[in-house]
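A short write-up of the structure that comes next.
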Amino acid sequence: MESNYVDVIPNHDFIGIFFVSSLEETTLYAVVPRFWHTNITDELRTFNGINLRILTQNKPTKLPPSEADAVSSQMNRIKKIYSGESTSNGDIEKPDPQRAEDSYGEVDILKALLVLCEFYNTKNRKNPHFEVSSTGDSLLLVAKIVQTLEENLVELTRTYSKIVEKADSVRGKITPRGMMMMVAQPSTRIECEFQKFDVQSPIYRVFATVLDLIVSNDLPNYLDIIDDSFRDLGPRASFLRGKLSMIRHYSVKEALQHTTSLSRSLPRKFSHYRELIEICELYLSHKNIDFSVLGDPLDFFHITAPTSKAWENIVSTGLNASELVTRVDPQEPLNGPWVSNNENLNRQKNIDLKIHLEDKSFILGDAKYAIAKEMPNSGYQYQQFFYLHAYQKSSGLSPKSMSLIHPLSLGKDSAVKSSLSLEGYLRHQNKDVPWLIIELPFPQIDDLLDEYWEDRFFTNMASEIETTLLDNP
């Protein structure tokens with residue numbers, strides 16, 4: 001038994017869920033936002049038949065070394081996905097006595113987390129990173145197999161043909177003519193109508209074998225909360241097997257041999273089943289990731305969102321809900337301050353939000369997923385100084401104000417954290433351009449569990465924005 005524990009700190013810029021599997025067990029991990037005002041404990045829980053551990057961004061969690069290595073490996077892989085579109089903030093979260101004690105069940109916490117991920121993916125027209133592989137567990141494989149076969153059911157059943165012939169025993173159903181002949185001319189042979197599978201192809205027999213295994217297992221239901229595609233997998237597999245009832249199954253050993261052969265040389269007419277064959281092979285062989293071996297697995301399962309970009313979407317949506325805002329331009333481009341002879345090194349800079357107001361003025365805003373400070377760090381200072389100088393130089397226009405827009409810290413109301421001046425370095429109409437540090441509400445668990453959360457939350461947020469940012473002189 002491992003006696004030493006290692007701190008794991010999810011200070012990467014994402015929230016969401018992912019799996020870690022070992023030879024012994026599968027654990028579902030959730031990383032929740034640091035700006036949720038609820039103290040969610042990180043002890044190992046049991047949830048619908050599997051282990052569950054909930055981590056909070058930037059908050060240390062002590063784990064056994066092997067578990068810590070496995071979790072860190074998965075988090076680093078997810079971090080790489082978002083490295084080009086967001087940045088992380090390394091502030092370590094300190095215990096806060098004002099945080100409300102966790103009164104939510106696992107289902108509510110996971111639902112709220114997935115709603116937030118869905119909000120980001122919908123706003124950015126992206127599919128969630130929703131992949132299946134050996135690093136998840138068999139339920140993920142089952143879901144993918146069942147969904148793919150359902151999508152191709154018409155093609156699968158097209159291989160059947162309707163046969164009418166006399167048989168020594170009833171096959172399928174007796175035809176009306178057969179019923180009449182049984183009375184008029186009794187005979188041991190009965191005319192029946194049934195479906196016959198034209199080609200007992202190995203690929204279809206592999207599918208039949210996998211469906212038989214799925215139907216014979218008592219499937220857990222811990223992923224039902226994600227979406228309807230994970231519901232009733234057993235009955236759906238049974239329905240599919242009924243549609244393919246004339247196909248003979250293999251033994252598991254035979255099915256594995258055929259999946260290996262098909263993976264190497266798949267007939268062209270079955271090329272669209274390549275991914276499904278690979279997934280069937282994973283399911284049949286019950287592969288699991290071995291974290292003692294160096295190197296990354298091929299794929300992994302996670303539903304995540306980058307929090308910096310998610311916060312930017314939240315702020316932009318709140319701004320657009322205000323009647324004082326005519327439009328919001330995201331990612332306003334600026335040429336970088338340093339120019340190299342190597343054009344590949346010249347990078348554009350982007351201001352998160354250009355906020356156009358009713359009075360024809362505008363505000364340049366940066367959404368920062370970090371704790372607000374009355375005097376921002378030097379990196380933020382230099383960044384904002386450059387944005388203002390570069391924008392004024394390239395456009396000949398000056399904003400009404402500059403702003404950093406942060407999520408609201410615990411126990412506070414939305415407010416202007418501070419209003420700073422550039423001390424005469426850059427002026428507009430003989431006035432310094434103010435730099436406002438703003439805190440606005442971040443969606444909490446109760447907000448996200450509301451079916452109409454977007455309408456209610458962003459209406460309230462628009463009011464907060466008008467009070468703090470837009471009405472500020």
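Any value given below was found using the heavy atoms of this structure, including those in side chains, with hydrogens, waters and symmetry copies removed. Given the structure is predicted, the values throughout are model-derived calculations rather than measurements.
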Walk me through it: do Trp311 and Phe35 pass the test ring-ring contact (aromatic ring centres under 6.0 Å, His included)? CA-CA 11 Å; Trp311 174 238; Phe35 289 99; 7.6 Å; no
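Minimum heavy-atom separation, Pro33 to Leu116: CG-CD2, 3.8 Å.
Ring-plane geometry between Phe18 and Phe14 is classed as perpendicular, the angle between the planes exceeding 60 degrees on a 0 to 90 degree scale with a lower cut at 30. In this pair, Tyr380 and His406 present their aromatic rings tilted. The plane angle is within the 30 to 60° band. Ring-plane geometry between Phe385 and His389 is classed as parallel, the angle between the planes falling under 30 degrees on a 0 to 90 degree scale with a further cut at 60.
How far NZ of Lys354 is from CG of Leu319: 14.5 Å, rounded to the nearest 0.5 Å. The structure places NZ of Lys373 at 10.5 Å from NZ of Lys417, a figure rounded to the nearest 0.5 Å. The distance from the CG atom of Leu448 to the CD atom of Glu454 is 9.5 Å, given to the nearest 0.5 Å. The line from CG of Asn335 to OG of Ser394 is 8.0 Å long, rounded to the nearest 0.5 Å. If you take CD on Glu278 and OG1 on Thr259, they are separated by 10.5 Å, rounding to the nearest 0.5 Å. Separating the CD1 atom in Ile355 from the CG atom in Leu364 is a distance of 8.0 Å, to the nearest 0.5 Å.
If you check the side chains of Lys144 and Tyr283, you find no donor sitting under 3.5 Å from an acceptor. For the residue pair Tyr29/Glu67, the side-chain donor-acceptor check at 3.5 Å is satisfied.
A cation-pi arrangement is absent between Lys62 and Tyr5, since the terminal nitrogen or guanidinium carbon is not both under 6.0 Å from the aromatic centre and inside a 45° cone about the axis.
Residues Ser403 and Leu469 form a side-chain contact, since some pair of their non-hydrogen atoms from C-beta on lies under 4.5 Å apart.
Looking at Asp366, its side chain does come within 3.5 Å of a backbone N or O of Asp352 through a donor-acceptor pair. One N or O on the side chain of Ser322 and one on the backbone of Leu324 form a donor-acceptor pair closer than 3.5 Å.
Atom NZ of Lys349 has 12 or fewer neighbouring heavy atoms from other residues, nucleotides or ligands inside a 6.0 Å radius.
Residues Arg456 and Asp450 are paired through a salt bridge, judged by an N-O separation under 4.0 Å between the basic side chain and the carboxylate.
The only option from Asn11, Thr307, Asp13 that meets the side-chain hydrogen bond (donor to acceptor under 3.5 Å, both in side chains) definition with Gln57 turns out to be Thr307.
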